[in-house]
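Below is one structure, written out as structure tokens, with a few remarks after it.
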Number of protein chains: 2
Amino acid sequence: MENIRGLFQTMTKRFGLLNKNCCSVGGMEISLVQSHILYEIDRLKQPSVQQLADALAMDITTLSRQIQKLVQMGLVKKTPYPEDRRIFILSLTTEGTYIAAKIDAEINEYLTEVFSHMSEFEKETVLRSIQLLNDCMAKSSVCCKPMYGGK
Amino acid sequence: MENIRGLFQTMTKRFGLLNKNCCSVGGMEISLVQSHILYEIDRLKQPSVQQLADALAMDITTLSRQIQKLVQMGLVKKTPYPEDRRIFILSLTTEGTYIAAKIDAEINEYLTEVFSHMSEFEKETVLRSIQLLNDCMAKSSVCCKPMYGGK
DNA sequence: AAAAAACAGTTGCATTTTGCAAATAATTTG
DNA sequence: CAAATTATTTGCAAAATGCAACTGTTTTTT
């Protein structure tokens, strides 16, 4: 079998590129990190800043500032959390949801195109493989420690 | 089938994290980009600066400066190319090769750990899936345009 | 073969991003 | 209740980024 790291490197490089290309939507310039932030807020549903930082394995000060920008852009909303007044709950605004969905759609479209080069069976296999891989990475003690646990 | 983008996002996020963790080797602090540069120089064998920039889908001015640093660190060598005196050929120094191998080994070790959570058959399937995915991404007209063509 | 166009690579900025240390505010612990 | 902890934000200084402009070299055009 071939160089395993090489396979991963190539794959992630290409997907990362795809992500980058998908960032400017509807006149609004979104950076790659910002795109990831939007995605993760959407996924986590009402995370705090800290939770988000953990999920993204990102320095919280950097995140804090990026969020400020996204709030200014009107894409993210920060809501004080009554039970614990240190905490802010993050959510997407209507526009933020729209942008996130737009990015999502674009990336999925690209992926669909990529998958069109394989048979339905191959596609299923590949997707199940990635799923399995994610599960095993989550299990792994050594890698991805600070990552979000579940799936 | 589940959200496809989500699968990719999770996977690349985790692998990216792994990459980041593997960057500081032997007292030498290597940034993530620098690690990718080393990897790609090694892979391409004697690329020019421009070729490398294309392969990494990176702005050439940024790359130029990063290479200067790597040269200063003694990891990369720049050799004038006689046939075309505009061009510099890049290669790893002995130490650069050592560092790159070290990073490679560490990442592969992590990956091995991850794969230890699955059967040999599953592992084979996953690796072949990624291989297939890479091939299809390379074929795709729409995604990854500026990426290195072959595999 | 001279002038023009194209190319490889490097700098000059000016902007953005990053992360550590420190500050602030709120909560929990002993 | 004082001390320790936690969540979040700022100060600051370093690093990374990318466009425009520049140098030097090769190729094209005519």
Side-chain angles (χ1 to χ4, degrees), chain A residues 13 16-17 19-21 23-24 28-38 40-41 44 46-73 75-91 145-146 148, chain B residues 13 16-17 19-21 23-24 28-41 44 46-73 75-91 146 148:
Chain A
K13 182 86 204 161
L17 213 64
N19 258 297
K20 205 187 281 178
N21 290 338
C23 278
S24 43
M28 201 161 244
E29 269 307 317
I30 310 278
S31 80
L32 188 56
V33 255
Q34 287 166 353
S35 154
H36 284 150
I37 291 172
L38 293 183
E40 211 62 28
I41 290 178
L44 293 176
Q46 319 261 323
S48 71
V49 179
Q50 184 64 62
Q51 283 172 333
L52 186 59
D54 290 344
L56 289 164
M58 201 174 169
D59 185 273
I60 194 176
T61 68
T62 305
L63 180 60
S64 175
R65 272 181 269 250
Q66 287 290 356
I67 286 176
Q68 284 173 35
K69 282 186 199 168
L70 289 168
V71 170
Q72 279 179 353
M73 292 192 230
L75 304 181
V76 168
K77 196 169 63 158
K78 261 171 65 179
T79 315
Y81 183 60
E83 334 281 295
D84 185 338
R85 280 153 55 211
R86 292 171 299 182
I87 292 179
F88 285 91
I89 296 298
L90 303 172
S91 56
K145 297 159 213 161
Y148 40 109
Chain B
K13 183 86 206 160
L17 211 65
N19 257 298
K20 204 187 280 177
N21 290 338
C23 276
S24 43
M28 201 161 244
E29 268 309 315
I30 309 278
S31 81
L32 188 56
V33 255
Q34 286 167 354
S35 154
H36 284 151
I37 291 172
L38 293 183
Y39 175 81
E40 210 61 31
I41 291 178
L44 293 176
Q46 319 263 322
S48 70
V49 178
Q50 184 64 63
Q51 284 172 334
L52 185 59
D54 290 344
L56 290 164
M58 202 175 170
D59 185 272
I60 194 177
T61 69
T62 305
L63 179 61
S64 175
R65 272 181 268 248
Q66 288 288 358
I67 288 177
Q68 284 173 36
K69 282 188 200 167
L70 290 168
V71 169
Q72 280 179 352
M73 292 191 229
L75 304 181
V76 168
K77 196 170 64 159
K78 261 170 66 180
T79 316
Y81 183 59
E83 336 279 297
D84 185 337
R85 282 154 54 210
R86 292 171 298 185
I87 291 178
F88 285 91
I89 295 299
L90 302 172
S91 57
Y148 40 110

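Every heavy atom of this structure was used, including side-chain atoms; hydrogens, water molecules and symmetry mates were not. Letters A, B, ... are given to chains in the order of the sequence lines, protein chains preceding strands, and every chain is numbered from 1. Computed from a prediction, not measured in an experiment: that's the story for all the values here.
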Checklist entry - Taking all atoms of both residues into account, what is the closest heavy-atom pair of B:S35 and B:N19, and its distance? => result OG-OD1, 4.4 Å
Item to check | Distance, rounded to the nearest Å, where A:Q34 contributes CD and C:dT16 contributes C1' | outcome: 10 Å
Item to check | N or O in side chain of A:Q66 less than 4.0 angstrom from C:dT16 OP1/OP2 | outcome: no
Next on the checklist: With a 3.5 Å cut-off and heavy atoms only, can you find an N or O donor on one side and an acceptor on the other between the side chain of A:R65 and the base of C:dG19?
Outcome noted: yes
Item to check | side-chain contact (heavy atoms from CB on, under 4.5 Å) partners for B:Q51, two or more places apart | outcome: B:P47, B:S48
Checklist entry - Sequence neighbours excluded, which residues qualify as salt bridge (charged side-chain N to carboxylate O under 4.0 Å, His left out) partners of B:R86? => result B:D84
Checklist outcome for this item: Under a 4.0 Å heavy-atom criterion, the protein footprint on nucleotides 3-8 of chain D, written with B, S and -, is ---BSB
Item to check | Distance below 4.0 Å between B:Q68 side-chain N/O and C:dG9 OP1 or OP2 | outcome: no
Next on the checklist: Whole angstroms only, please: what is the CZ-P distance between A:R85 and C:dT24?
Outcome noted: 18 Å
Checklist entry - Do you know which two heavy atoms are closest between B:Q34 and B:E29, and how far apart they sit? => result OE1-O, 4.1 Å
Checklist entry - For the pair made of CD in B:E83 and P in D:dG24, what is the distance, rounded to whole Å? => result 22 Å
Next on the checklist: Can you measure B:I37 atom CD1 to D:dT17 atom C1' for me and round it to whole angstrom units?
Outcome noted: 13 Å
Item to check | Closest heavy-atom pair and its distance - A:I67, A:V76 | outcome: CG2-CG1, 4.5 Å
Next on the checklist: Measure OH/B:Y81 against C1'/C:dC7 and give the value in whole Å, please.
Outcome noted: 15 Å
Checklist outcome for this item: A:D59 atom CG is separated from C:dA21 atom P, nearest whole Å, by 11 Å
Checklist entry - Can you tell me how far P of C:dT18 sits from CG of A:L56, to the nearest Å? => result 11 Å
Checklist entry - At under 4.0 Å, does any side-chain N or O of A:T61 touch on OP1 or OP2 of D:dT9? => result no
Item to check | Heavy-atom pair of closest approach, residues A:A57 and B:K20 | outcome: O-NZ, 4.2 Å
Next on the checklist: Both A:T62 and B:I67 contact DNA chain C. Taking the nearest nucleotide for each, which residue is further toward the 5' end?
Outcome noted: B:I67
Checklist entry - Is A:K13 reaching over with its side chain to a backbone N or O of B:L56, donor-acceptor style, under 3.5 angstrom? => result yes
Next on the checklist: From CD1 of A:I30 over to C1' of C:dT16, roughly how many Å is that when rounded to an integer?
Outcome noted: 15 Å
